[in-house]
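Heavy atoms only: backbone and side chains are in, while hydrogens, waters and symmetry mates are out. Per chain, numbering begins at 1; letters A, B, ... match sequence-line order. Source: prediction; values computed, not measured.
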There are 2 protein chains.
Amino acid sequence: MARTTRPTLTHVAASAGVSVSTASLAFSGAGPVSERTRQRVLDAAAELGYAGPDPMARSLRQGRTGIIGVVFAERLRHAFRDPVAIALLDGLAEELGPVGPGLLVLTGNDERAGPSTEQLAAAPLDAAVFATCDLEEEPLVEPLRVREIPMVGIEGPRMPGVSLVDIDNIGASREVTEHILSLGHKRIAAVVLPWRPGRQRGFLDRARRDLSGSVVFADRLRGTEEAIGASVHAWEAAASTVEEGRAAGRALLDVDEPPTAIVAHSDLLAAGVIQAAHELGLRVPEDLSVAGFDGIDTPWLDPLTLTTAVQPMVEKGRIAGRMVTDLLAGRTPEDVLLPVHLRVGGTTAPPR
Amino acid sequence: MARTTRPTLTHVAASAGVSVSTASLAFSGAGPVSERTRQRVLDAAAELGYAGPDPMARSLRQGRTGIIGVVFAERLRHAFRDPVAIALLDGLAEELGPVGPGLLVLTGNDERAGPSTEQLAAAPLDAAVFATCDLEEEPLVEPLRVREIPMVGIEGPRMPGVSLVDIDNIGASREVTEHILSLGHKRIAAVVLPWRPGRQRGFLDRARRDLSGSVVFADRLRGTEEAIGASVHAWEAAASTVEEGRAAGRALLDVDEPPTAIVAHSDLLAAGVIQAAHELGLRVPEDLSVAGFDGIDTPWLDPLTLTTAVQPMVEKGRIAGRMVTDLLAGRTPEDVLLPVHLRVGGTTAPPR
DNA sequence: ATGAAAGCGCTAACAT
DNA sequence: ATGTTAGCGCTTTCAT
């Protein structure tokens with residue numbers, strides 16, 4: 001009795017001599033079924049090669065897929081190069097693991113910063129987490145808002161309908177810079193995050209400071225300048241990577257009167273700055289102090305440990321996951337602001 | 001006229017004064033609709049706040065979700081730490097980007113190597129790509145095989161029903177080792193990949209060599225031993241990371257008569273070995289030659305460039321994506337074996 | 001404990 | 001170009 005099409009619950013039920021509803025209960029366990037019947041159904045299923053209830057049919061009926069979308073405003077290769085994003089995903093996966101099938105990764109490509117509107121409209125999601133969508137004017141939330149998909153933002157601006165997991169970017173950045181100042185540094189430069197959109201590499205000009213871009217970019221810059229009490233000589237990186245940090249370091253250090261300290265707004269950028277310094281024959285921290293932001297593992301800097309602002313990366317993901325769970329249960333979670341603490345490492349010291 | 005429930009195509013059609021099927025066509029463009037009608041439907045939709053056809057209903061009807069699953073046999077944080085995996089995902093996303101919503105990431109957790117059977121049975125996939133599932137006895141394929149989900153494996157064993165994108169692990173590993181031998185090295189050690197399952201750190205014992213584990217582990221080891229013509233003194237890493245490489249380097253080098261060359265079966269492991277060497281006061285390549293495998297960017301080794309076997313990481317993903325497309329179109333793609341080429345860098349030199 | 005029936009929202013034949 | 005109709009495969013009332 002070969003069948004060319006996949007068996008369905010109807011076939012299984014028929015073969016077991018029960019109704020479809022009973023067969024359904026035998027699989028879901030959502031109702032009373034005698035052990036004997038249950039076994040008959042499962043046996044019939046095994047014999048027919050039935051793989052269990054069809055996920056799409058079940059989704060349509062129940063109104064949910066179990067899938068959580070994770071939205072990145074960049075191409076996958078760039079998003080996943082960032083240890084902070086990976087840690088976030090890990091926390092998210094850990095928290096949501098038992099819940100459903102998994103995480104649907106929604107990224108952009110070379111042309112688009114983030115998934116297309118069509119993608120967002122067609123994705124079978126129960127909820128979405130914005131991993132790196134920190135723009136004031138975020139075109140990515142609208143398609144999901146229309147669908148009434150619960151949303152959680154990470155370090156974004158406060159937006160109606162988007163629950164927020166935030167960290168104290170301004171305060172932490174200020175604290176790092178204050179540490180540098182307290183060591184006695186006068187000539188301080190900064191390497192700031194990509195302004196986004198239209199990321200570019202180069203000295204930060206006034207125009208870009210004032211236009212609204214990424215709030216993380218703006219907050220970390222603001223913290224640094226609040227500490228200094230004036231605007232800081234800054235280089236804008238096109239991405240948060242070691243290579244970009246290195247380019248920044250070269251640009252800032254290979255001049256007549258280089259700074260004695262550089263505040264980088266990510267650890268990867270800081271690592272690049274340190275590398276550039278070494279290449280230019282400068283010792284860290286003797287000739288140059290360098291601070292970062294994030295608190296990622298930097299085993300390759302060993303024996304140096306980076307002075308940095310340690311943010312709870314995995315925890316951000318876990319909390320976002322918990323918020324998703326709450327939202328799906330109909331609860332309205334409070335926004336969360338997580339603390340960041342200064343970790344003084346070996347890359348900062350008084351100027352000579 | 002407030003509605004408490006989300007509007008459906010039926011509401012939109014009624015409001016526009018057309019039938020549901022016409023309204024459907026107005027959205028999908030899959031049939032002839034007059035421009036005037038189309039506009040009326042879209043206007044009605046906009047007014048009602050209709051977000052477009054429901055993805056679940058559409059999936060059920062059409063029999064596909066547009067979602068491609070990517071299966072990792074480890075926890076997310078470990079999988080995504082590997083630049084090779086990221087590059088693969090990037091190629092995959094690039095190739096499949098226009099096709100559908102996105103990639104569903106299916107990972108394990110601390111207890112399970114990979115997603116659970118339930119997860120695999122319930123995930124709404126059109127096809128699956130096994131990113132790091134290289135076991136002979138892979139429990140992860142069975143749940144998908146039963147569902148008749150098209151599958152593509154990366155560097156796995158040849159399995160019925162799983163299309164394969166492979167690279168020449170044996171040949172490339174042999175070539176790297178031959179390069180080391182041609183330089184005149186006699187005392188050669190290897191740092192091999194995790195044997196999996198039951199990854200552990202330590203000198204590789206005979207028992208593990210003989211048991212069937214990861215085929216990538218086995219193939220790269222085999223290539224090295226084929227070149228040497230004998231079994232090699234080897235350390236098994238618990239993961240392909242810089243830290244593990246460092247631990248391996250310490251174990252292999254901090255002895256009375258250390259090897260003059262170490263063949264590491266990944267670039268991250270090689271980077272760790274180099275770091276360990278530096279910490280022990282050994283210069284690379286003067287005192288120790290080190291080779292890797294993969295060809296990832298290692299800017300932090302600068303100015304050193306790693307001698308390694310360069311594999312087409314992104315290309316693997318692209319081809320896997322193309323295979324998925326083929327399989328979904330009903331075609332049966334041929335298995336692919338991609339070439340790997342030796343890149344001689346500055347980390348290998350004749351022994352002193 | 002089991003069965004009958006309705007319907008989730010949509011698309012695709014088919015008819016007009 | 002538009003409408004009618006049948007179902008995709010399942011879960012969930014509601015009867016029995």
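Between B:S21 and B:S24, the side chains place no donor N or O within less than 3.5 Å of an acceptor N or O (distance only, hydrogens not considered).
Residue A:V33 places its side chain closer to C:dT2 than to any other of D:dT11, D:dC8, C:dT2. Picking from C:dT2, C:dC10, C:dG9 the nucleotide with the shortest atom distance to the side chain of A:P32 gives C:dT2. Here the side chain of B:S19 is nearest to one of C:dG9, D:dT4, C:dT11, namely D:dT4. Comparing D:dC10, C:dG9, C:dA12 by their nearest atom to the side chain of B:Q62 picks out C:dA12.
Side chains of A:F130 and A:V70 form no contact here, defined as non-hydrogen atoms less than 4.5 Å apart. Residues B:T132 and B:E74 meet the side-chain proximity criterion, which asks for heavy atoms closer than 4.5 Å.
Atom pair B:R6:CZ and C:dG9:C1' shows a separation of 13 Å (rounding to whole Å applied). If you take CE of A:M56 and C1' of D:dC8, they are 10 Å apart, rounded to a whole angstrom. If you measure from atom CG of A:L25 to atom P of C:dA4, you get 14 Å, rounded to the nearest angstrom. Rounding to whole angstrom units, CG of residue B:D54 and P of C:dC10 are separated by 6 Å. Between A:R61 atom CZ and C:dA5 atom C1' there is a gap of 11 Å when expressed in whole angstrom units. With rounding to whole Å, B:L9 atom CG is found 14 Å from C:dC8 atom C1'. Summarising the geometry, the separation between CD on A:Q39 and C1' on C:dA1 is reported as 17 Å, rounded to the nearest angstrom. Taking atom CZ of A:F27 as the reference point, atom P of D:dG9 lies 15 Å away to the nearest angstrom.
Taking the charged nitrogens against the carboxylate oxygens, B:R196 and B:D134 do have a contact shorter than 4.0 Å, which makes a salt bridge.
Note on B:S28: nothing from the nucleic acid sits closer than 4.0 angstrom, heavy atoms only. If you check every strand for non-hydrogen atoms under 4.0 Å, A:Y50 touches sugar and phosphate atoms only. Backbone-only engagement by A:S34 is indicated by non-hydrogen atom pairs under 4.0 Å involving sugar-phosphate atoms exclusively. Residue contacts for A:S59: at a heavy-atom cut-off of 4.0 Å it reaches no nucleic acid atom on any strand shown.
In this structure, B:S24 reaches the C:dT11 phosphate: one of its side-chain N or O atoms is under 4.0 Å from OP1 or OP2. Within the 4.0 Å cut-off from OP1 or OP2 of D:dT2, at least one side-chain nitrogen or oxygen of B:T37 is found. Regarding contacts with the backbone of D:dC10, every side-chain N or O of A:R58 stays at 4.0 angstrom or more from both OP1 and OP2.
Evaluation of atom-type donor-acceptor distances gives a pair under 3.5 Å for the side chain of A:S21 against the base of C:dG3.
Considering A:R322, A:R318, A:K316 in turn, A:R322 is the only one that fulfils the salt bridge (charged side-chain N to carboxylate O under 4.0 Å, His left out) rule with A:E95.
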